Chemist: 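Sharing a structure with you now.
Just so it is clear, the model here is predicted, and its values are computed rather than measured. Just the heavy atoms: all of them, side chains too, but no hydrogens, waters or symmetry mates, feed the values below. Numbering starts at 1 and runs along the sequence shown.
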Amino acid sequence: MKSFICFATLVFVSFAQADLSGVAGDWRGWGQWTFQGSGTDCFPMDISFKETDGQLSRVKGFFECSVVALHSDPLVWEKSGDKLLMDGKEVGTLKPGLVEMSEPYDDEVTVKTTMNIEGNHMDYMEIWTFNDGRPLYEITGRLFRRTGK
């Protein structure tokens with residue numbers, strides 16, 4: 001009986017580590033892009049992630065927001081426990097159901113992203129700010145994991 005419990009524990013831990021956050025997969029949904037208090041609808045919002053034991057990768061992203069189309073370039077974060085690293089520097093966290101990360105857009109703007117994941121849906125928030133703290137714009141959305149193409 002003890003060996004069965006040990007085996008079951010090892011199997012559960014292995015599966016839990018395979019997709020720690022639940023963010024892996026292709027996501028599609030809708031949302032809103034807000035700039036200086038005015039907003040426009042975004043549909044579709046598409047974003048894809050892959051997760052391994054050592055990395056989280058944004059494969060691609062595209063948000064069509066009426067007046068603007070936003071592309072997210074591929075990007076890879078290294079994983080160290082529940083921390084996300086870029087060039088050895090901590091830039092976010094990866095926990096079951098919650099991913100938080102920060103990435104520089106350029107020398108003056110930083111993008112902070114939060115993804116709350118429950119099952120096959122995600123509440124997505126991306127806040128763009130100038131490095132002095134002034135807001136630039138915000139993207140929010142509700143996305144669903146795609147199970148078929």
Chemist: I want to check something: taking the side chain as every heavy atom from C-beta on, are R28 and L143 in contact at a cut-off of under 4.5 Å?
Modeler: no
Chemist: Under the side chain to side chain contact (heavy atoms under 4.5 Å, CB included) rule, what do V99 and T93 come out as? Steps first, then yes or no, please.
Modeler: CA-CA 6 Å; V99 180; T93 57; over 6 Å; no
Chemist: Do N120 and F144 touch side chain to side chain, with heavy atoms closer than 4.5 Å?
Modeler: no
Chemist: Quick check for you: to the nearest 0.5 Å, what is the distance between K83 atom NZ and K95 atom NZ?
Modeler: 7.0 Å
Chemist: Look at atom CG of D132 and say whether more than 12 heavy atoms of other residues, nucleotides or ligands are closer to it than 6.0 Å.
Modeler: yes
Chemist: Report yes if some heavy atom in the side chain of T114 is under 4.5 Å from a heavy atom in the side chain of M101; otherwise report no.
Modeler: no
Chemist: Can T110 and N131 be said to form a side chain to side chain donor-acceptor pair (under 3.5 Å), step by step?
Modeler: CA-CA 6 Å; T110 300; N131 291 338; 2.8 Å; yes
Chemist: Determine, step by step, whether T129 and R134 satisfy the side chain to side chain contact (heavy atoms under 4.5 Å, CB included) criterion, reporting the C-alpha distance in whole Å, the side-chain angles of both residues, the deciding distance to 0.1 Å, and the verdict.
Modeler: CA-CA 6 Å; T129 58; R134 291 178 295 133; over 6 Å; no
Chemist: Mind checking whether I117 and W30 sit in one hydrophobic cluster, side chains of I, L, V, M, F, W, Y counted as touching below 4.5 Å?
Modeler: no
Chemist: Nearest 0.5 Å, what's the CG-NZ distance between L56 and K79?
Modeler: 7.0 Å
Chemist: Please find out if less than 6.0 Å separates the ring center of Y137 from that of W33.
Modeler: yes
Chemist: Decide whether I127 and L98 are clustered together by the hydrophobic rule: side chain heavy atoms of Ile, Leu, Val, Met, Phe, Trp, Tyr closer than 4.5 Å, transitively.
Modeler: no
Chemist: Please lay out, stage by stage, how E126 and T140 fare under the test side chain to side chain contact (heavy atoms under 4.5 Å, CB included).
Modeler: CA-CA 6 Å; E126 189 176 288; T140 57; over 6 Å; no
Chemist: Please lay out, stage by stage, how V23 and M122 fare under the test side chain to side chain contact (heavy atoms under 4.5 Å, CB included).
Modeler: CA-CA 8 Å; V23 73; M122 169 197 304; 4.0 Å; yes
Chemist: Would you call W27 and R146 a side-chain contact if the rule is heavy atoms closer than 4.5 Å?
Modeler: no
Chemist: Kindly say whether G119 contributes a backbone atom to a donor-acceptor pair with the side chain of R145 at under 3.5 angstrom?
Modeler: yes
Chemist: Distance alone, cut at 3.5 Å: any donor-acceptor contact between the side chains of S21 and E51?
Modeler: yes
Chemist: Decide if atom CZ of F62 counts as having more than 12 heavy atoms of other residues, nucleotides or ligands within a radius under 6.0 Å.
Modeler: yes
Chemist: How many angstroms lie between atom OG of S66 and atom CG of D41, to the nearest 0.5 angstrom?
Modeler: 6.0 Å
Chemist: To the nearest 0.5 Å, tell me how far K60 NZ sits from D73 CG.
Modeler: 13.5 Å
Chemist: Contact between E64 and C42 at the side-chain level, heavy atoms closer than 4.5 Å - yes or no?
Modeler: no
Chemist: With heavy-atom distances below 4.5 Å as the criterion, would you say the side chains of E138 and M125 are in contact?
Modeler: yes
Chemist: Any donor-acceptor pair under 3.5 Å linking the side chain of D87 with the backbone of K89?
Modeler: no
Chemist: Between atom NZ of K112 and atom CD of E100, what is the distance when rounded to the nearest 0.5 Å?
Modeler: 10.5 Å
Chemist: Starting from F35, can I reach F63 by hopping between I/L/V/M/F/W/Y residues whose side chains sit under 4.5 Å apart?
Modeler: yes
Chemist: Within the 4.5 Å heavy-atom criterion, are R142 and D123 side-chain neighbours or not?
Modeler: yes
Chemist: Answer whether the closest heavy-atom distance between the side chains of P74 and V59 falls below 4.5 Å.
Modeler: no
Chemist: Is it the case that one hydrophobic cluster holds both L75 and V109, taking links as side-chain heavy atoms less than 4.5 Å apart, direct or via other members?
Modeler: yes
Chemist: Atom CE of M45 and atom CD1 of I139: how far apart are they, to the nearest 0.5 Å?
Modeler: 6.5 Å
Chemist: Examine W128 and Y124 and state if one hydrophobic cluster contains both, with Ile, Leu, Val, Met, Phe, Trp and Tyr joined whenever side-chain heavy atoms are less than 4.5 Å apart.
Modeler: yes
